[in-house]
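Values in this document were obtained by computation on a predicted structure and should not be read as measured data. Side chains included, hydrogens not; waters and symmetry mates left out as well; all remaining heavy atoms used.
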Protein chains: 2
Amino acid sequence: MAEETQAEKVERIERQRTEAEELSWALRAVVQASGEVDRTLARRLDLRPLDYAAMTHAMNAPDLLGPVELSERLGIATGSATELVDRLEAAGHLRRDRHPNDRRRVSLSPTDTSVRTILEALEPLLTDLDALARDFTPDEQAAIQRYLRSAADRLHRYARRTDGT
Amino acid sequence: MAEETQAEKVERIERQRTEAEELSWALRAVVQASGEVDRTLARRLDLRPLDYAAMTHAMNAPDLLGPVELSERLGIATGSATELVDRLEAAGHLRRDRHPNDRRRVSLSPTDTSVRTILEALEPLLTDLDALARDFTPDEQAAIQRYLRSAADRLHRYARRTDGT
DNA sequence: CCGAGCATCTCGGAGACCGAGATAATCCGG
DNA sequence: CCGGATTATCTCGGTCTCCGAGATGCTCGG
C-alpha cells in the first residue's frame, strides 16, 4: 500500500467512524422493526406484551423454567408471575408440570398448539429472512454472522453490567 | 428413544440448521439481547416498560407527537395515554406544549435532562458497538449494512402486513 | 427428626388500562 | 358567516394487573 498523508489518514478514519455509526444505526432500525413485529404478533395471539414476552422466554428457555426464574427475567414479583402463568395456562398457551425429583418446582412449557400457531404466523417472515441471507456470498455471510454474534454478546454484556439486580 | 430434555431438543435442531438459518438466528439473538438492554435501561430510569417505550417514541418522533398518536403507536386507549403522559410529565421526563396554530393539539417532547440521562447511560454501549463495526473491512461493513437494512425493511413489511389495525 | 432454605402460591391494596362519554377547537358545506 | 361533523384531549368509574408480605409445601444437611 502507498504512503498516506496525515490528511488522508484523518479522512479515512473519519470516514470509517461515520460508517461505523451508520452500521450501529442500521442495527437499531432492525431492533425497532423487530419490536413492531413483536407487538403485532402479540396482538394477533391476543396476549398482553408481558404475557407475550413470557411466552418467548418459555419457548427459548435452554433448561427448565419455573415461575420464579420467569419473574426474574421479566422483572416482576413472583406473585405476579404466578398470576401471569395462571392466565397463560387458562388461555391454553402454557402447561404446568411438576418436576419429578424436586416437587417444589414447576416446569413451564408452551403447549404444542401454541408453538404451532406462533411458528405458522412467523413462517413467512422466517423464510423471507433466510432468503435474504442466501443473497450473500459465504464470506459475506460469515462476516455478517460474526458481527451479529458479537453485537448480541455486547448488548447482553451491557444489559448484565447495567442491571442492578 | 428416551425422553429428550428441552436443551437436547434445541441442540439437535441447532445442528440441522443451514447456514442461512444460522444467520437469521443470530439476528434473533441480537433482537433478544436488545430487549434485555431496553428492560434494564427502563429499570434504571425507574420507568415502566410502556412508559419507556413512550419515551423512545417521543425521542424518535420525526414530527409533532401528541397523546392520540402515542396511544396508536403503543396500542393503548387514548385515555390511558393521557394518564401515561401525566405520569411522565410529573416525573420530569416529558413536557406538554400547546400547538400554536391548532390549539386542540398537545406537543409532547422529552425534557433535556431526560435526553441527557438516557444518552449518558447508552454512551458506553454505543461506542462499544461502533468499535465493533470498525473491526470489519469496508467491504464487510457494506455487506453487513446491506443485510441489516434489508432485514429491517422485511421485518417492517411483515409487521405492517400482519397488523390488523 | 428438625430447622434452615427454597419454589410456589395466596391475598389485600395500589395503580394502570379500558372505553364511553364530556369538552373544546377546527374544518367544511351551504 | 353559521351549524354540524370531525378531531384532539381529558374525565371518570370499573376491571384487571402487579406488588409485596406472608403462608404452604418440599428438600436437604446435620
Side-chain angles (χ1 to χ4, degrees), chain A residues 39-40 42-43 45-58 61-109 164-165, chain B residues 6 38-40 42-58 61-91 93-109 164-165:
Chain A
R39 200 164 57 77
T40 62
R43 219 188 290 184
L45 296 172
D46 207 43
L47 289 177
R48 326 189 76 257
L50 202 58
D51 294 20
Y52 174 80
M55 286 304 297
T56 68
H57 276 112
D63 51 349
L64 196 146
L65 180 75
V68 170
E69 192 180 357
L70 189 59
S71 76
E72 287 167 2
R73 296 204 196 187
L74 298 176
I76 62 178
T78 65
S80 309
T82 295
E83 294 175 6
L84 190 155
V85 172
D86 286 346
R87 280 200 302 277
L88 290 176
E89 192 181 28
H93 290 301
L94 223 51
R95 214 182 45 229
R96 265 190 175 100
D97 292 313
R98 282 282 164 193
H99 192 286
N101 298 340
D102 186 342
R103 279 182 306 181
R104 290 171 304 178
R105 303 214 60 194
V106 166
S107 165
L108 302 175
S109 39
T165 42
Chain B
Q6 185 136 1
D38 281 338
R39 197 165 59 74
T40 62
R43 219 189 292 184
R44 154 169 295 205
L45 296 172
D46 208 45
L47 289 177
R48 330 187 74 259
L50 203 57
D51 294 18
Y52 173 80
M55 286 305 297
T56 69
H57 276 113
D63 50 351
L64 195 145
L65 180 75
V68 170
E69 191 179 0
L70 190 60
S71 75
E72 286 167 2
R73 296 203 195 187
L74 299 176
I76 62 178
T78 65
S80 309
T82 294
E83 295 177 8
L84 189 155
V85 172
D86 286 346
R87 280 199 303 277
L88 289 175
E89 191 181 28
H93 290 301
L94 225 49
R95 214 182 43 232
R96 265 191 176 99
D97 293 312
R98 281 283 163 193
H99 192 286
N101 298 341
D102 186 342
R103 279 181 305 179
R104 292 171 304 176
R105 303 214 59 196
V106 165
S107 165
L108 302 175
S109 38
T165 42

Listed pairs, N/O of protein and of nucleotides 14-17 of chain D, under 3.5 Å:
unit_1 : atom_1 : unit_2  : atom_2 : d
D/dT17 : OP1    : A/Arg87 : NE     : 3.4

Check: Closest heavy-atom contact between A/Leu64 and A/Val106?
Finding: CD2-O, 3.9 Å
Next item on the list: Remember a base hit wins even if backbone is also touched, and classify B/Val68 as base, sugar-phosphate or nothing at under 4.0 Å, heavy atoms.
Entry: base
Checklist line | Touch class at under 4.0 angstrom, heavy-atom based, for B/Gly66 against every strand present | finding: sugar-phosphate
Notebook entry, point to check: Taking only residues two or more places apart in sequence or in another chain, which ones pass side-chain hydrogen bond (donor to acceptor under 3.5 Å, both in side chains) with B/Ser109?
Noted result: B/Arg95
For residues 65-79 of chain B, run the donor-acceptor check on the side chains, cut-off 3.5 Å, and write out each pair with its distance to 0.1 Å, sequence neighbours left out.
unit_1  : atom_1 : unit_2  : atom_2 : d
B/Glu69 : OE2    : B/Arg73 : NH2    : 3.0
B/Ser71 : OG     : B/Val68 : O      : 2.6

Note to self: Run the side-chain hydrogen bond (donor to acceptor under 3.5 Å, both in side chains) test against A/Arg98 and tell me which residues pass, sequence neighbours left out.
What the structure shows: none
Margin query: For A/Glu89, give me all partners under side-chain hydrogen bond (donor to acceptor under 3.5 Å, both in side chains), at least two apart in sequence or on another chain.
Written below: A/Arg96
Check: Which whole-number value in Å describes the distance from B/Leu70 CG to D/dC10 C1'?
Finding: 15 Å
Check: Looking only at heavy atoms, what is the nearest atom pair of A/Leu94 and A/Met55, with distance?
Finding: CD1-SD, 3.6 Å
Next item on the list: Provide the start and end nucleotides, 5' to 3', of the part of DNA chain C that has atoms under 4.0 Å from heavy atoms of chain B.
Entry: C/dA16 to C/dT26
Can you give me the N/O atom pairs linking the protein to nucleotides 26-30 of chain D at distances under 3.5 Å, or say none if there are none?
unit_1 : atom_1 : unit_2   : atom_2 : d
D/dT27 : OP1    : A/Asn101 : O      : 3.1
D/dT27 : OP1    : A/Arg103 : N      : 3.3

Notebook entry, point to check: What is the distance from NE2 of B/His99 to P of D/dT7, rounded to the nearest Å?
Noted result: 17 Å
Margin query: Once salt bridge (charged side-chain N to carboxylate O under 4.0 Å, His left out) is applied, what residue pairs with a partner in residues 45-56 of chain A remain, sequence neighbours excluded?
Written below: A/Asp51-A/Arg87
Margin query: Rounded to whole Å, how long is the line connecting atom CG of B/Asp86 with atom C1' of D/dC12?
Written below: 13 Å
Check: Taking only side-chain nitrogens and oxygens of A/Ser80, does any of them come within less than 4.0 Å of OP1 or OP2 of D/dC18?
Finding: no
Next item on the list: Taking only heavy atoms on the protein side, list every residue of residues 71-78 of chain B lying under 4.0 Å from any atom of DNA chain C, sorted numerically.
Entry: B/Gly75, B/Ile76, B/Ala77
Notebook entry, point to check: What pairs with B/Asp38 under side-chain contact (heavy atoms from CB on, under 4.5 Å), at least two apart in sequence or on another chain?
Noted result: B/Ser34, B/Tyr52
Next item on the list: Rounded to 10°, tell me the angle between the two end axes of the helix from C/dC1-D/dG30 to C/dG30-D/dC1, each built from five pairs.
Entry: 30°
Next item on the list: Apply side-chain hydrogen bond (donor to acceptor under 3.5 Å, both in side chains) to B/Arg104 and list each qualifying residue two or more places apart in sequence or on a separate chain.
Entry: B/Asp102
